[in-house]
Structure formats: structure tokens, C-alpha cells
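Data block below; observations after.
Counting begins at 1 with the first residue of the sequence.
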Amino acid sequence: MSWREWALALLDEPDGPTPLIEFPTGGPVRVLLKDESAHPTGTMRHRHARALFRRAIREGLVTEGMTVVEATGGNAAVAQAWFARRLGLPYIVVMPGRRTEERARRVEELGGECRFVTPPLAIYDAARAVEGHFLDQFGRATEHDLADELLAQVTPDWVVVGANTGATSATLGRRTRVAVADPENSAYFPGWTLDAADYATGMPSRVEGIGRPRVEPGFKGDLVDRVIPVPDQTSRATAARIREVTGIAAGDASGAALAAGLMLAERMSGGLIVTVLGGIAAGR
């Protein structure tokens with residue numbers, strides 16, 4: 001068996017479905033939480049990392065022993081480092097800002113290397129300058145298996161997610177009604193409302209992991225049924241509520257998704273909403 005065949009077989013090994021957890025609402029609409037923190041890497045980026053590696057290996061862009069590079073400051077780096085270690089590939093992530101041990105620790109524990117760059121937007125050019133394959137999670141956003149898994153578990157009226165690369169909302173939007181939760185300063189709500197695929201706010205989102213200063217190429221607005229803006233304060237408060245009710249170490253991105261789901265529920269007389277929890281909060 002070649003390395004390519006071995007690697008693709010490894011990437012095809014299932015982790016098992018992540019659980020659905022009932023969230024009490026006191027109303028006629030059931031709300032379930034799809035707990036993506038149950039992945040080995042504790043994040044929904046686990047699915048996208050697997051899809052990115054599978055695509056790059058199939059296309060011959062990543063071969064045995066090749067260094068893999070990404071530009072990100074979030075949970076995507078943890079998920080990619082985990083897969084790189086399993087595949088025996090060196091991994092380098094270029095992160096924005098100054099080094100902090102909290103941000104670097106989880107990647108370095110998995111054998112990855114963290115490089116920090118300022119100003120923040122310079123991370124993309126810095127990643128492209130590293131010898132190896134730039135995964136480019138935004139430019140090469142890749143749909144994955146969440147819809148197949150979720151719809152085998154339940155038949156929802158709505159699924160609510162954050163946008164980030166756009167891969168997850170596109171994956172779901174081909175199969176079910178999907179709403180995107182969008183935090184303050186993010187481009188997806190105005191871009192979707194105006195049907196402007198090149199919309200940009202020029203301002204960073206304070207909710208790490210879902211909001212973007214521009215509409216990313218992987219976001220397919222025609223596959224999204226609704227985009228719901230969520231105030232940052234509401235995202236934080238709802239994340240605290242998730243932790244209180246379920247014990248899941250949810251971050252503000254998960255709080256935004258549930259807050260948007262609860263807003264939808266208020267307008268419905270019955271039915272089922274699934275909100276996808278993006279992953280654990282940083283430092284938890």
C-alpha cells in the first residue's frame with residue numbers, strides 16, 4: 001500500500017457521531033445541541049480539517065513527509081495539528097499577534113509549530129512564504145460529512161451554525177434549512193442581505209471562530225436560508241448558559257449559534273431546531 005492509499009484510508013476512519021443534547025426552552029419548539037466538542041480535538045473544525053487533508057492528498061498536493069502550513073488563530077490549528085501528527089506530517093501554523101502560551105500550547109502539544117506575526121492580516125502572506133503546502137482553509141474551504149451524520153440522527157426544521165469558512169453552512173444547506181449566526185463586525189449578515197459576495201467590514205469580530213471581516217469564498221449565500229445577527233454580549237451570556245445547563249465548555253461562538261436558534265424558536269409555534277456547538281472555549 002502506498003503512503004497516499006494509507007493516508008486516505010486513515011482519513012476515512014469514522015470517529016463516531018457526536019451527540020445531540022436537549023436544551024430546555026420551556027416552549028413548544030424543541031432545541032437540540034449538536035455537541036461537536038465531542039470530537040477528539042474538541043471542535044467542529046475537526047471535520048473541516050479532515051476534509052482539507054483528504055482533498056489535498058487526493059489532489060497530490062500533500063505527499064509523504066511534506067510540511068503542511070495554515071494561517072489561523074483558532075481551533076482549526078488544533079484540529080489540523082492532530083491530523084498532521086496522525087499522518088506523520090510536519091505542521092506549522094502562522095498565528096496573528098504576539099505569542100501567548102495559552103494559544104500555542106494545544107498545537108505544540110500535538111507536535112505542531114506556532115509562528116506569530118504582526119500585523120494580523122500578514123499571516124496569509126507569511127504562511128504562503130513557508131516551504132510546504134498551504135492548506136488555506138478559507139480559499140479552499142471544503143464541504144464535509146456533518147449533514148450526512150446529523151440527518152441520520154434526526155430530521156430538523158432548522159439547523160443553526162456559525163459561518164467561519166462557509167464550508168459547514170454549505171454542507172448543511174444542500175440538505176436542510178440552515179440559518180447562520182453572525183456576530184458583531186462580521187461581514188456575513190450584510191453581505192448575505194445585500195447579495196454581495198465581496199462585502200467586507202474591515203473590522204475583526206470579537207467572537208473567535210465564526211465571524212469574518214469579509215465574506216469568504218467558501219460561503220454560499222444561495223444555500224443559506226437566513227443569517228441572524230447576534231450581539232456579542234448575547235453570545236457571551238448564552239455561552240455561559242450552555243456551560244451552566246450542560247457542563248459543556250462552550251465558547252462564545254457556540255453561544256452565538258444557540259442564541260440565534262432561540263431567536264428562531266420564538267417565531268415558531270412548534271418544531272425542532274438543531275444548533276451546532278462549534279467547540280470548547282479557549283483555555284478550557
Side-chain angles (χ1 to χ4, degrees), residues 1-16 18 36 39-96 103-117 120-149 163-171 174 209 212 216-220 278-279:
M1 178 184 293
S2 67
W3 181 87
R4 179 180 183 275
E5 291 170 331
W6 169 83
L8 290 174
L10 183 148
L11 291 169
D12 284 339
E13 292 176 2
D15 293 319
T18 57
E36 293 289 273
H39 283 298
T41 55
T43 170
M44 185 170 65
R45 304 296 171 245
H46 188 89
R47 295 185 193 273
H48 195 217
R50 182 199 298 274
L52 285 169
F53 273 99
R54 184 187 289 119
R55 176 180 175 183
I57 292 169
R58 281 179 175 164
E59 294 178 358
L61 300 174
V62 170
T63 56
E64 184 174 6
M66 179 179 287
T67 298
V68 177
V69 186
E70 185 58 274
T72 181
N75 283 333
V78 178
Q80 291 178 11
W82 189 86
F83 279 107
R85 184 173 70 170
R86 293 199 71 201
L87 293 164
L89 301 171
Y91 179 75
I92 297 172
V93 60
V94 182
M95 291 186 167
R103 294 171 67 201
R105 174 181 54 81
R106 293 177 67 204
V107 171
E108 292 177 346
E109 287 176 348
L110 292 167
E113 176 186 341
C114 296
R115 299 181 184 180
F116 289 82
V117 172
L121 288 179
I123 62 173
Y124 304 105
D125 287 339
R128 291 185 182 95
V130 178
E131 185 175 353
H133 174 67
F134 178 34
L135 279 176
D136 192 8
Q137 62 168 341
F138 292 104
R140 291 177 60 82
T142 305
E143 296 178 30
H144 47 71
D145 64 349
L146 177 58
D148 289 341
E149 179 180 299
N164 193 258
T165 67
T168 299
S169 59
T171 296
R174 297 187 190 280
R212 297 293 297 165
E216 298 292 349
F219 180 76
K220 309 300 182 187

### Query
Within the side chain of R54, is there an N or O that forms a donor-acceptor pair under 3.5 Å with the backbone of L11?
yes

### Message
Check whether T142 reaches the backbone of L52 with its side chain - one donor and one acceptor, N or O, closer than 3.5 Å.
### Response
no

Just wondering, do [Y] and [X] contact through their side chains at under 4.5 Å, heavy atoms?
| X | Y | answer |
| --- | --- | --- |
| R4 | R58 | yes |
| E149 | R47 | yes |
| H144 | T168 | yes |
| T171 | D145 | no |
| F219 | R212 | no |
| F53 | L135 | yes |
| I92 | V68 | no |
| Q80 | T41 | no |

Looking at every heavy atom in both [X] and [Y], which two are closest together, and how far apart are they?
| X | Y | result |
| --- | --- | --- |
| W3 | V62 | CZ3-O, 3.9 Å |
| A77 | M95 | CB-CE, 4.0 Å |
| G218 | A170 | O-CB, 4.4 Å |
| P217 | G139 | CG-CA, 4.1 Å |
| H48 | A141 | NE2-CA, 3.5 Å |
| F134 | A71 | CE1-N, 3.7 Å |

Electrostatic pair [X]-[Y], nearest N-O below 4.0 angstrom:
| X | Y | result |
| --- | --- | --- |
| E108 | R106 | no |
| D15 | R50 | yes |
| R140 | E59 | yes |

Working to the nearest 0.5 angstrom, can you tell me the gap between [X] [atom1] and [Y] [atom2]?
| X | Y | atom1 | atom2 | result |
| --- | --- | --- | --- | --- |
| N75 | M44 | CG | CE | 10.0 Å |
| F83 | L110 | CZ | CG | 11.5 Å |
| L10 | D12 | CG | CG | 9.0 Å |

### Message
Give me each pair satisfying side chain to side chain donor-acceptor pair (under 3.5 Å) with a member in residues 126-139, each pair once, sequence neighbours excluded.
### Response
T72-Q137

### Task
Would you check if there is a donor-acceptor pair between the side chains of Y91 and E113 at a distance under 3.5 Å?
no

### Task
Quick one: sort the H46 and H39 rings into parallel, tilted or perpendicular, breaks at 30° and 60°.
parallel

### Message
T63: which residues meet the side-chain contact (heavy atoms from CB on, under 4.5 Å) condition with it, sequence neighbours left out?
### Response
M66

### Task
Answer yes or no: does atom CG of L61 have more than 12 heavy-atom neighbours from other residues, nucleotides or ligands under 6.0 Å?
yes

### Query
So T165 and E216, side-chain hydrogen bond (donor to acceptor under 3.5 Å, both in side chains) or not? Walk me through it.
CA-CA 6 Å; T165 67; E216 298 292 349; over 6 Å; no

### Query
Taking the six-membered ring of F116 as reference, does the NZ or CZ atom of R103 fall below 6.0 Å from its centre and within a 45° cone about the axis?
no

